[in-house]
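Heads up, the thing below is written out as structure tokens.
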Amino acid sequence: MYKKKINKIVLGTNNEGKVREIRKLLPKRLNIDTPKRRNISSPKETGSTFLENSLIKAKYFSNKTGEISLADDSGLEINVLNKKPGIYSARWAGKNSNFNIAIKKVYRELKKKKINFNKQIKCRFVCALTIYWPNKKFYQSQGKIEGTISSKPMGKKGFGYDPIFIPKGYKVTFGQMLFSKKSKIDHRFKAFKKIKKFF
Ligand code: IMP
């Protein structure tokens, strides 16, 4: 099954931004369908890990369509916050996906822990992927990028927690970095590299 190259997939997300980013990471010849086009809403993310949640989504959309599905789940883990926001990264931004609120919550939680910004606040972005075939077989991969939380938000590029994430080995946040640079080093790029063989 895995030896046969995939020609068509249904993406396991209803997030337009994600669809655009994922398209750029997949070969141009691939026929990519979306749940939105078929009017299928997203399942509840009830897993306790990124891998579990990406499996829930890929399985759900494959079962609904009878096609091979590819789904991702990603987020930011901060060590001193016991890996939070983690799988709740999107949920910390509330119903309107307001990341000013999510970022404020990060600083509030760090303040509660009396964190000193002179010390490095270690964290990482994680991206989990699942490809799910209609015969119920699936394949998973994960990509991570280590970094630290900046003492204040910096930069207007990117999305989500980008303005507060400084990747290891760099002096700027993802919010200050060109997308063309970020997208060659980040968690998503690393996770996609591991599934390239299927396409
Ligand atoms: P989900 O994978 O749709 O559950 O949500 C992932 C959430 O993690 C996003 O809404 C962002 O808050 C955060 N996130 C994931 N990847 C990135 C990234 O590359 N930059 C900034 N935030 C990210």
Side-chain angles (χ1 to χ4, degrees), residues 1-2 6 8-23 25-26 32-106 108-110 112 123-146 159-162 164-165 186-192 194-195 198:
M1 156 61 75
Y2 294 156
I6 297 171
K8 183 179 182 196
I9 53 157
V10 174
L11 279 189
T13 180
N14 269 306
N15 178 329
E16 290 288 309
K18 246 186 203 178
V19 171
R20 266 198 307 276
E21 279 209 7
I22 293 174
R23 266 185 202 282
L25 290 160
L26 291 168
I32 299 172
D33 201 355
T34 61
K36 192 173 180 197
R37 201 188 67 80
R38 292 172 178 242
N39 244 326
I40 307 169
S41 54
S42 300
K44 279 222 160 66
E45 295 180 21
T46 53
S48 54
T49 63
F50 296 113
L51 283 168
E52 273 176 34
N53 279 338
S54 70
L55 175 59
I56 287 170
K57 290 184 260 188
K59 183 178 180 181
Y60 176 86
F61 288 114
S62 177
N63 284 343
K64 283 268 176 193
T65 60
E67 306 279 357
I68 302 168
S69 179
L70 168 66
D72 84 328
D73 198 56
S74 57
L76 176 68
E77 291 182 343
I78 302 175
N79 288 11
V80 288
L81 298 183
N82 301 321
K83 297 197 173 176
K84 279 185 188 148
I87 56 164
Y88 302 102
S89 294
R91 284 167 263 184
W92 274 27
K95 271 196 193 121
N96 297 325
S97 299
N98 183 338
F99 279 92
N100 290 326
I101 290 177
I103 286 173
K104 276 194 184 131
K105 189 166 161 75
V106 167
R108 210 165 49 240
E109 295 296 317
L110 290 173
K112 271 193 213 162
C123 59
R124 71 203 54 76
F125 273 124
V126 182
C127 174
L129 296 175
T130 300
I131 306 175
Y132 196 96
W133 282 262
N135 68 1
K136 304 200 184 309
K137 283 193 178 159
F138 63 89
Y139 182 90
Q140 299 190 291
S141 75
Q142 217 169 198
K144 295 183 185 185
I145 178 159
E146 299 291 331
F159 72 103
Y161 299 90
D162 279 343
I164 61 168
F165 182 85
D186 73 3
H187 47 313
R188 211 162 281 108
F189 175 79
K190 289 176 181 169
F192 270 84
K194 295 179 189 167
I195 61 160
F198 295 107

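Put simply, the side chain of Gln140 reaches to within 4.5 Å of the side chain of Leu55, judged on heavy atoms. The side-chain heavy atoms of Ile56 and Tyr132, taken from C-beta on, include no pair separated by under 4.5 Å. Using a 4.5 Å cut-off on side-chain heavy atoms (C-beta onward), Ile87 and Glu45 make no contact. With contacts defined as side-chain heavy-atom distances shorter than 4.5 Å, the pair Leu26/Ile32 qualifies. Asn79 is listed as a side-chain neighbour of Arg124, based on a closest heavy-atom distance under 4.5 Å. Side chains of Gln142 and Lys144 form a contact here, defined as non-hydrogen atoms less than 4.5 Å apart.
For the atom pair CG (Asn14) and NZ (Lys57), the distance works out to 10.5 Å, reported to the nearest 0.5 Å. In this structure, Ser69 OG and Lys8 NZ are separated by 12.0 Å, a value rounded to the nearest 0.5 Å. Here the CZ atom belonging to Phe165 is positioned 5.0 Å from the SG atom belonging to Cys123, to the nearest 0.5 angstrom. Atom CD1 in Ile78 sits 4.5 Å away from atom CG in Leu76 (nearest 0.5 Å). Here OG1 of Thr34 is found 9.0 Å from CD1 of Ile40. Values are rounded to the nearest 0.5 Å. Taken to the nearest 0.5 Å, the OG atom of Ser62 stands 12.0 Å off from the CZ atom of Phe138.
Of the possible polar contacts, one joining the Thr65 side chain to the Phe61 backbone as a donor-acceptor pair under 3.5 Å is found. The backbone N or O of Lys137 lies less than 3.5 Å from a partner atom in the side chain of Asn135, making a donor-acceptor pair. The closest donor-acceptor contact from the side chain of Asn53 to the backbone of Phe50 lies at 3.5 Å or more, if one exists at all.
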Next on the checklist: Could you walk me through whether Lys190 and Asp186 satisfy the salt bridge (Lys or Arg N to Asp or Glu O under 4.0 Å) test, starting with their C-alpha distance in whole Å, then the side-chain angles of each, then the deciding distance to 0.1 Å, before giving a yes or no?
Outcome noted: CA-CA 6 Å; Lys190 289 176 181 169; Asp186 73 3; over 6 Å; no

Next on the checklist: Checking Ile68 against Val10 for the side chain to side chain contact (heavy atoms under 4.5 Å, CB included) test, could you report, in this order, the C-alpha distance in whole Å, the side-chain angles of both residues, the deciding distance, and whether it holds?
Outcome noted: CA-CA 6 Å; Ile68 302 168; Val10 174; over 6 Å; no

Next on the checklist: As a quick check of understanding, evaluate side chain to side chain contact (heavy atoms under 4.5 Å, CB included) for Tyr139 and Trp133, giving each step before the final call.
Outcome noted: CA-CA 9 Å; Tyr139 182 90; Trp133 282 262; 3.9 Å; yes

Checklist entry - Ile9 and Glu67: side chain to side chain contact (heavy atoms under 4.5 Å, CB included), yes or no, with the steps? => result CA-CA 6 Å; Ile9 53 157; Glu67 306 279 357; over 6 Å; no

Item to check | Test side chain to side chain contact (heavy atoms under 4.5 Å, CB included) applied to Lys105 and Ile101, step by step | outcome: CA-CA 6 Å; Lys105 189 166 161 75; Ile101 290 177; 5.6 Å; no

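A salt bridge does not link Lys84 with Glu77: none of the charged nitrogens is closer than 4.0 Å to a carboxylate oxygen. A salt bridge between Glu109 and Lys112 is present, with a side-chain N of the basic residue lying under 4.0 Å from a carboxylate O of the acidic one.
The only member of Thr130, Asp73, Thr13, Asp72 that meets side chain to side chain donor-acceptor pair (under 3.5 Å) when paired with Ser54 is Thr130.
In Lys194, the NZ atom is crowded: over 12 heavy atoms of neighbouring residues, nucleotides or ligands sit closer than 6.0 Å.
Of all non-hydrogen atoms in Pro134 and Gly66, the two that sit nearest each other are CG-O, 3.3 Å. Between Leu51 and Ser141, the closest heavy-atom pair is CD2-O, 4.0 Å. In this structure, Asn63 and Lys136 approach most closely via the heavy-atom pair OD1-NZ, 4.2 Å. Residue Ala191 comes nearest to Gly143 through the heavy atom pair CB-N, 3.5 Å, listed as atom of the first residue, atom of the second, then distance. Of all heavy-atom pairs spanning Ser89 and Ser74, the tightest one is CB-O, 4.4 Å.
Checked against the 6.0 Å centroid threshold, Tyr161 and Trp92 do not count as a close aromatic pair.
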